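Quick note: numbers below take in every heavy atom, side chains included, and nothing from hydrogens, waters or symmetry partners. Predicted model only: the values in this text are computed from it and were never measured.
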Amino acid sequence: MSWTGLEVYYTPGSPGCRAVLMCIRELELEVELIKLDMYQKYEHKKPWFIRMNPQHTVPTINDNGFILWESRAIMQYLVSKYGSHKNSLYPTEPMARAAVDKILFFDIGTLYKSLVDYFHPQLMSGEEPDERKGNAFKQSLDYLDQFLETSRYVAGDTLTIADISVLASVTQLEGMDYRITSYAHLYKWVERLKKELPYYDDCNTAGIETFRTWTRNQRLSKKLGSK
Ligand SMILES: N[C@@H](CCC(=O)N[C@@H](CS)C(=O)NCC(=O)O)C(=O)O
C-alpha cells in the first residue's frame, strides 16, 4: 500500500486506539503514528490538539486536513476510503453492513459502556463494586457469548471491523485482571483471533500491559488510601 499521508494520534493503552491500529494493519496502510504523552505531559489537552479535537480524545486522525475522532467512525472511514481491496471488513451490501453496524453500536452503547460504568468508579475513586452495574456488565458478556455460539465472527462468517472493535474492548479486561473463561464461546473467539491476526501482538500486548500496571497501582493506592 502506498503512503496515505494520514496522521494517527494515539496512546497504546486505549482500546479505541488499539482497534484503529489493528484496522490500519489489516488494511496495510502506511500512516504516520503520533504517540501522545497523555499522563505526564497531558499532550491531548494542549491548545494544538484541542484545536483539532475539542473533545481531546484519542484515537484522532488527520487525513490531509480531514479530522476525525471516535474509533468506530475512524474504522468505518478508513475501510470506506482506503479499503477497496478489503471491503469485506466493512461490507457495502446493506444487510451485511447493518449487521456490522449493529455490533459496533452494541459495543459502544452496551458492552464497553457497561465495562466503563462498572470498573471506572472502582479504579478512579476506589468505590466498592456496584452489584447492579456488575450485572449489566456481565449480561453484555453473556449476550456476546450467545452471538458467538452460532457465528464464527461477531457479525457473520468473515472478519469485520466489528470484530476488531469488540476484540479491543474485551481484551481491555485483561488489563484489569478480569477473566472471561466462563464465557466459553467468547473466550474461544478471543483466543482464536489472537492467533489469526498476525498483527495482534504488535498492536495490543504492550498497551494492555501498560494499562494493567496502571490498574494495579490504582487499586493499591486506593486500598492504602482508605486505611
Ligand atoms: N468512544 C471514543 C472514546 C475515546 C476516549 O475516551 N479515549 C480516551 C482514551 S481511552 C481519551 O482520549 N481520554 C482522554 C480525555 O478524555 O481527555 C472512541 O472509541 O474513540
Side-chain angles (χ1 to χ4, degrees), residues 8 10-29 33 58-59 70-79 83 86-91 96-97 99-116 118-119 137-212 215:
V8 180
Y10 79 107
T11 191
S14 146
C17 294
R18 293 191 286 105
V20 167
L21 294 177
M22 286 193 275
C23 181
I24 287 168
R25 291 289 295 271
E26 187 64 41
L27 291 171
E28 299 175 77
L29 301 182
L33 294 177
V58 289
E70 284 296 337
S71 58
R72 295 159 191 85
I74 292 172
M75 290 193 284
Q76 290 169 328
Y77 172 77
L78 291 179
V79 183
K86 241 187 198 175
N87 62 13
S88 58
L89 275 179
Y90 189 44
R97 175 164 287 206
V100 174
D101 288 338
K102 179 185 73 180
I103 299 293
L104 291 174
F105 289 126
F106 167 78
D107 185 22
I108 192 165
T110 301
L111 174 67
Y112 194 66
K113 181 180 185 312
S114 66
L115 182 160
V116 169
Y118 181 51
F119 288 104
F137 162 65
K138 285 173 198 154
Q139 179 156 68
S140 71
L141 291 180
D142 265 330
Y143 289 141
L144 198 50
D145 197 51
Q146 276 176 43
F147 303 159
L148 287 161
E149 188 174 352
T150 51
S151 185
R152 184 163 170 78
Y153 294 94
V154 284
D157 298 335
T158 51
L159 181 84
T160 67
I161 55 172
D163 292 282
I164 293 177
S165 187
V166 171
L167 182 64
S169 296
V170 171
T171 50
Q172 195 72 352
L173 295 170
E174 294 176 11
M176 296 186 288
D177 297 307
Y178 187 92
R179 293 187 188 284
I180 56 157
T181 40
S182 57
Y183 304 88
H185 307 291
L186 175 60
Y187 178 70
K188 249 173 74 183
W189 170 84
V190 169
E191 295 307 307
R192 201 187 78 229
L193 284 191
K194 285 182 181 175
K195 293 195 190 99
E196 252 177 48
L197 308 180
Y199 46 79
Y200 177 82
D201 202 30
D202 289 352
C203 300
N204 295 283
T205 305
I208 293 172
E209 199 45 52
T210 305
F211 182 58
R212 182 183 287 118
T215 61

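- For the pair Tyr183/Leu148, no side-chain contact is recorded, criterion being any heavy-atom separation below 4.5 Å from C-beta on.
- Residue Asp157 qualifies as open at atom CG: its count of foreign heavy atoms under 6.0 Å is 12 or below.
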Next item on the list: Please assess Leu197 against Leu159 for the test side chain to side chain contact (heavy atoms under 4.5 Å, CB included), listing each intermediate value before the final yes or no.
Entry: CA-CA 10 Å; Leu197 308 180; Leu159 181 84; 4.0 Å; yes

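- Distance CG/Asp202 to CE/Met22: 11.5 Å, rounded to 0.5 Å.
- Remark: the Thr158 side chain and the Ser88 side chain contain no N/O donor-acceptor pair separated by less than 3.5 Å.
- With hydrogens and angles disregarded, a donor-acceptor distance shorter than 3.5 Å links the side chain of Ser114 to the backbone of Leu111.
- A distance of 3.5 Å separates CD in Glu26 from OH in Tyr199, rounded to the nearest 0.5 Å.
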Next item on the list: Kindly determine whether Tyr118 and Tyr178 satisfy ring pair (Phe, Tyr, Trp, His ring centres under 6.0 Å), including the steps that lead there.
Entry: CA-CA 12 Å; Tyr118 181 51; Tyr178 187 92; 7.5 Å; no

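- Scanning both residues, Thr215 and Gly175, for their nearest heavy atoms gives OG1-O, 2.6 Å.
- From Met176, atom CE reaches atom CZ of Phe211 across 5.0 Å, with rounding to the nearest 0.5 Å.
- Considering CG of Leu21 and OH of Tyr200, their distance stands at 12.5 Å, rounded to 0.5 Å.
- Nearest heavy-atom pair across Ser165 and Asp107 is OG-OD2, 2.6 Å.
- Heavy-atom neighbours of Lys102 NZ from other residues, nucleotides or ligands within 6.0 Å: at or below the threshold of 12.
- The neighbour count for Lys188 NZ, taken as heavy atoms of other residues, nucleotides or ligands under 6.0 Å away, does not exceed 12.
- At distances below 3.5 Å, at least one donor-acceptor pair connects side-chain atoms of Thr171 with backbone N or O atoms of Leu167.
- Minimum interatomic distance between Gly13 and Gln172 (heavy atoms only, all atoms of both residues): O-NE2, 3.3 Å.
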Margin query: Could you go through Phe137 and Leu173, starting from their C-alpha distance and side-chain angles, then the distance that decides it, and tell me whether this counts as side chain to side chain contact (heavy atoms under 4.5 Å, CB included)?
Written below: CA-CA 11 Å; Phe137 162 65; Leu173 295 170; 3.5 Å; yes

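- In this structure the side chain of Ile74 never reaches within 4.5 angstrom of the side chain of Tyr77, judged on heavy atoms.
- Scanning all heavy atoms of the two residues, the minimum distance from Leu89 to Ile164 falls at CD2-CD1, 4.5 Å.
- Note that Arg192 lies in the cation-pi zone of Tyr153, set by a 6.0 Å cut-off to the ring centre and a 45° limit from the axis.
- Checked by atom type and distance alone, the side chain of Arg18 never pairs as donor or acceptor with a backbone atom of Cys203 at under 3.5 Å.
- Atom SG of Cys23 and atom CZ of Arg72 lie 12.5 Å apart (nearest 0.5 Å).
- Across all non-hydrogen atoms, the minimal contact from Ile108 to Lys113 is O-CB, 3.5 Å.
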Note to self: What verdict does the side chain to side chain contact (heavy atoms under 4.5 Å, CB included) test give for Tyr90 and Leu78, after you've listed the backbone C-alpha separation in whole Å, the side-chain angles of each residue and the deciding distance to 0.1 Å?
What the structure shows: CA-CA 10 Å; Tyr90 189 44; Leu78 291 179; over 6 Å; no

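- Residues Lys86 and Val79 are not in side-chain contact: their nearest non-hydrogen atoms beyond the backbone lie 4.5 Å or more apart.
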Next item on the list: Show your reasoning for whether side chain to side chain contact (heavy atoms under 4.5 Å, CB included) applies to Asp101 and Gln76.
Entry: CA-CA 9 Å; Asp101 288 338; Gln76 290 169 328; 3.2 Å; yes

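- Remark: Tyr187 OH is loosely packed, at most 12 non-hydrogen atoms of other residues, nucleotides or ligands lying under 6.0 Å away.
- Interatomic distance, OG1 of Thr110 versus CD1 of Ile103, reported as 10.0 Å (0.5 Å rounding).
- Checked by atom type and distance alone, the side chain of Arg212 pairs as donor or acceptor with a backbone atom of Glu174 at under 3.5 Å.
- Nearest approach of Ala99 to Ala155, heavy atoms of both residues: O-CB, 3.8 Å.
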